[in-house]
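Presented below is the structure to which this report refers.
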Amino acid sequence: MTIHHPSTPEIAAYLRPPAGTHPPLDSPAYKSTGLRAPSQAPVVLRHRLTEITGPLLTGEIGPNDHDLTRQHAAPPIGERIIVSGRVLDSDGRGIPQTLVEVWQANACGRYAHSVDTYDAPLDPNFSGGGRVVTDSAGTYSFTTIKPGPYPWGNHHNAWRPSHIHFSVFGRSFTQRLVTQMYFPGDPLFPYDPIYNSVPDEKARQRMISSFDMENSVSDWALAYRFDIVLRGREQTPFEEPHE
Amino acid sequence: MSELALTPSQTVGPYLSLGLTWPTGYLVVPEDAPGAITITGVVRDGTGAVVPDGMVETWQADAEGRFDHADDPRGASGSGFHGFGRSSTDAEGRYRIVTVKPGALGDGQAPHIDVSVFARGLLDRVVSRIYFPDEVEANAADPLLSSLPPERAATLVAEQVGPAELRWDVRLRGEGETVFLAV
Ligand SMILES: [Fe+3]
């Protein structure tokens, strides 16, 4: 069958991620993958209009969405920190006006979530959810408290290293990313199957924020820096074959 | 040109609703918008058990097959149509999106919606597509659908269950496993 599309636009696809960057869905050390990871290999989809476009969300941002320490009557317990960085593509271009969503446990490692049964105190002054929009250079910044490590049922004496969950959109469906930001020097790294699900060691280390003395605020908060790099585009556009 | 190395993906974990739930996220268009349709379905795991802690996101063109996005080489539509839907799964594993049927893009693909599914136990999102059951001819000519064995292609086509309601289930693994896409 011949399909002719005189108006077919030229599209530069997004680069495919190098092997070892993203975790294999089937990662047996993380037990929940066993029932949820697809058994069949994904079908490679050529990037067309739907994949090179994507939601350009700035969301409905509340006044204290960027400051998780000011969402309640009193400040939460914990080590106040400023987390900032840039959302970039792999060409080094900042991605402006894109939504960054975060969520995390409190300073004791407890989530303000009905499913979390860890026997650690809830903090009535901490919900643990935030959202910010990057500026024209792709920079974001939010204030929070350092989350604690927490146990989980994956295996005997399993503990997650302290982490903040991040969700970013970029500019295209193809760039969508959910990840976790870790803290430098965490002794739990060697024991965590989720952190270690990323095969390439250098890639794994890119999830670790860096201590950021420069952005620390005297008598107020220490700071950490976390840049998020999303896929860039191929250099040359292609045209759909017309048959 | 220096190329920066990518940030890896990690699971959303079981507490995604603390950060990713929007009360109106499931509304790509208002419920009473002209041409509004509901797409609903259940996400299941390898044993057929429902996934009550997942999230489904959708991305699509508007009813005319246009995107309000500057990277569309045809030009941004300027319509303000945001094209994005997000629904957590409930205790029964069910998600629900209210949207309009996307138009054809004019590139030989049948009308479709791109989907991401996130959940505890998924270290990266899984990506799929929803196609429409009333597009028999266009679906037959679609480059993706026509490249798949019929029983696999069928996992990507929604079922009409009401005048303005479609059903599209996700089977993450096992019998009737949904076709997932590497994008
Ligand atoms: Fe977590």
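Numbers restart at 1 for each chain; the letters A, B, ... are given by sequence-line order, proteins then strands.
- Contact annotation: the side chain of A:Leu49 approaches that of B:Arg74 to within less than 4.5 Å [non-hydrogen atoms, C-beta and beyond].
- In this structure, the portion of A:Tyr30 lying under 4.5 Å from any heavy atom of chain B is its side chain and not its backbone.
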Residues A:Ser32, B:Arg120; criterion side-chain hydrogen bond (donor to acceptor under 3.5 Å, both in side chains); working and verdict: CA-CA 7 Å; A:Ser32 303; B:Arg120 171 180 66 82; 2.9 Å; yes

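- Heavy atoms of A:Val102 lying under 4.5 Å from chain B belong exclusively to its backbone.
- For a residue to count as touching a neighbouring chain, one of its non-hydrogen atoms must lie under 4.5 Å from one of that chain's; by this rule A:Ser127 touches chain B with the backbone only.
- Contact check for B:Arg173 versus A:Arg36: no side-chain heavy atoms found under the 4.5 Å cut-off.
- Residues B:Leu123 and A:Pro24 share a closest heavy-atom pair of CD1-O, 3.6 Å.
- The contact between A:Arg171 and chain B is made by backbone and side chain atoms together, counting heavy-atom distances below 4.5 Å.
- Between chain A and the residues B:Thr178, B:Thr24, B:Asp53, B:Val179, the largest count of heavy-atom pairs under 4.5 Å involves B:Asp53.
- No other option in A:Ala203, A:Ser197, A:Ala37 has as many heavy-atom pairs under 4.5 Å with chain B as A:Ala37.
- Taking 4.5 Å as the heavy-atom cut-off, the residues of residues 11-18 of chain B that approach chain A are B:Thr11, B:Val12, B:Pro14, B:Tyr15, B:Leu16, B:Ser17, B:Leu18, ordered by number.
- Ranked by heavy-atom pairs shorter than 4.5 Å toward chain B, the options A:Thr33, A:Thr53, A:Leu35, A:Leu15 are led by A:Thr53.
- The candidate from B:Arg44, B:His112, B:Arg125, B:His82 with the greatest count of non-hydrogen atom pairs under 4.5 Å with chain A is B:Arg125.
- Contact tally against chain B (heavy-atom pairs below 4.5 Å) for A:Gly232, A:Gly129, A:Pro23: the top residue is A:Pro23.
- Heavy atoms only, all atoms of each residue included: B:Phe84 and A:Pro55 are closest at CD1-CG, 3.5 Å.
- Of the atoms belonging to A:Arg231, heavy atoms from both backbone and side chain fall under 4.5 Å from chain B.
- Using a 4.5 Å cut-off between heavy atoms, A:Asp227 touches chain B through its backbone atoms (N, CA, C, O) alone.
- Looking at A:Ile194, both its backbone and its side chain come within 4.5 Å of chain B, counting heavy atoms on both sides.
- In terms of heavy-atom pairs under 4.5 angstrom with chain A, the leader among B:Thr47, B:Val51, B:Leu148 is B:Val51.
- Contacts between B:Arg129 and chain A at a heavy-atom distance below 4.5 Å involve the side chain alone, from C-beta outward.
- Taking CG from B:Leu4 and OG from A:Ser90, the interatomic distance works out to 7.0 Å, rounded to the nearest 0.5 Å.
- Options B:Leu122, B:Asp71, B:Asp124, B:Leu144 differ in how many heavy-atom pairs under 4.5 Å they form with chain A, and the most are formed by B:Asp71.
- Two residues are said to be in side-chain contact when any heavy atoms from C-beta on lie closer than 4.5 Å; A:Pro18 and B:Leu6 meet this criterion.
- Of all the listed residues (B:Thr21, B:Ile113, B:Asp45), the one sharing the greatest number of non-hydrogen pairs under 4.5 Å with chain A is B:Asp45.
- Contact annotation for B:Val115: only backbone heavy atoms (N, CA, C, O) come within less than 4.5 Å of a heavy atom of chain A.
- The neighbour count for B:Glu175 CD, taken as heavy atoms of other residues, nucleotides or ligands under 6.0 Å away, does not exceed 12.
- A:Glu51 touches chain B through backbone and side chain together, each having a heavy atom under 4.5 Å away.
- Of all residues spanning residues 56-69 of chain B, those with a heavy atom less than 4.5 Å away from chain A's heavy atoms are B:Glu57, B:Trp59, B:Phe67, B:Asp68, B:His69, arranged by number.
- Within the 4.5 Å cutoff, no side-chain heavy atoms of A:Pro42 are placed close to those of B:Val127.
- For the atom pair CZ (A:Arg131) and CH2 (B:Trp22), the distance works out to 8.0 Å, reported to the nearest 0.5 Å.
- When side chains are defined from C-beta on, A:Thr50 counts as touching B:Leu105, because their heavy atoms get closer than 4.5 Å.
- Using a 4.5 Å cut-off between heavy atoms, B:Arg152 touches chain A through its side chain atoms alone.
- Looking at A:Tyr14, only its side chain comes within 4.5 Å of chain B, counting heavy atoms on both sides.
- B:Ser9 OG to A:Gln180 CD: the interatomic distance, rounded to the nearest 0.5 Å, is 9.0 Å.
- In this structure, the salt bridge (Lys or Arg N to Asp or Glu O under 4.0 Å) partners of A:Asp89, at least two apart in sequence or on a different chain, are A:Arg93.
- Scanning for ring-ring contact (aromatic ring centres under 6.0 Å, His included) contacts around B:Phe132 gives an empty result, with sequence neighbours left out.
- Within 6.0 Å of CD in B:Glu31 there are more than 12 heavy atoms belonging to other residues, nucleotides or ligands.
- Atom CD in A:Gln40 sits 9.0 Å away from atom OG1 in B:Thr155 (nearest 0.5 Å).
- Heavy-atom pairs under 4.5 Å with chain A peak, among B:Ser128, B:Gly121, B:Gly46, at B:Gly121.
- Between B:Gln10 and A:Val178 the shortest side-chain heavy-atom distance does not fall below 4.5 Å.
- The CZ atom of B:Arg86 lies 5.5 Å from the OG atom of A:Ser167; values are rounded to the nearest 0.5 Å.
- Among A:Asp116, A:Val44, A:Leu88, A:Ile228, the residue with the largest count of heavy-atom pairs under 4.5 Å with chain B is A:Asp116.
- Using a 4.5 Å heavy-atom threshold, the side chains of B:Val126 and A:Pro38 count as touching.
- Side-chain atoms of A:Arg204 and B:Pro8, non-hydrogen and from C-beta on, never get closer than 4.5 Å to each other.
- The pair B:Asp114-A:Arg176 does not count as a salt bridge, with every side-chain nitrogen at least 4.0 angstrom from each carboxylate oxygen.
- Of the listed residues A:Leu177, A:Leu230, A:Thr174, the one with more heavy-atom pairs under 4.5 angstrom with chain B than any other is A:Leu177.
- With chain B as the partner, the residue from A:Ser27, A:Gly54, A:Ser172, A:Pro17 showing the most heavy-atom pairs under 4.5 Å is A:Gly54.
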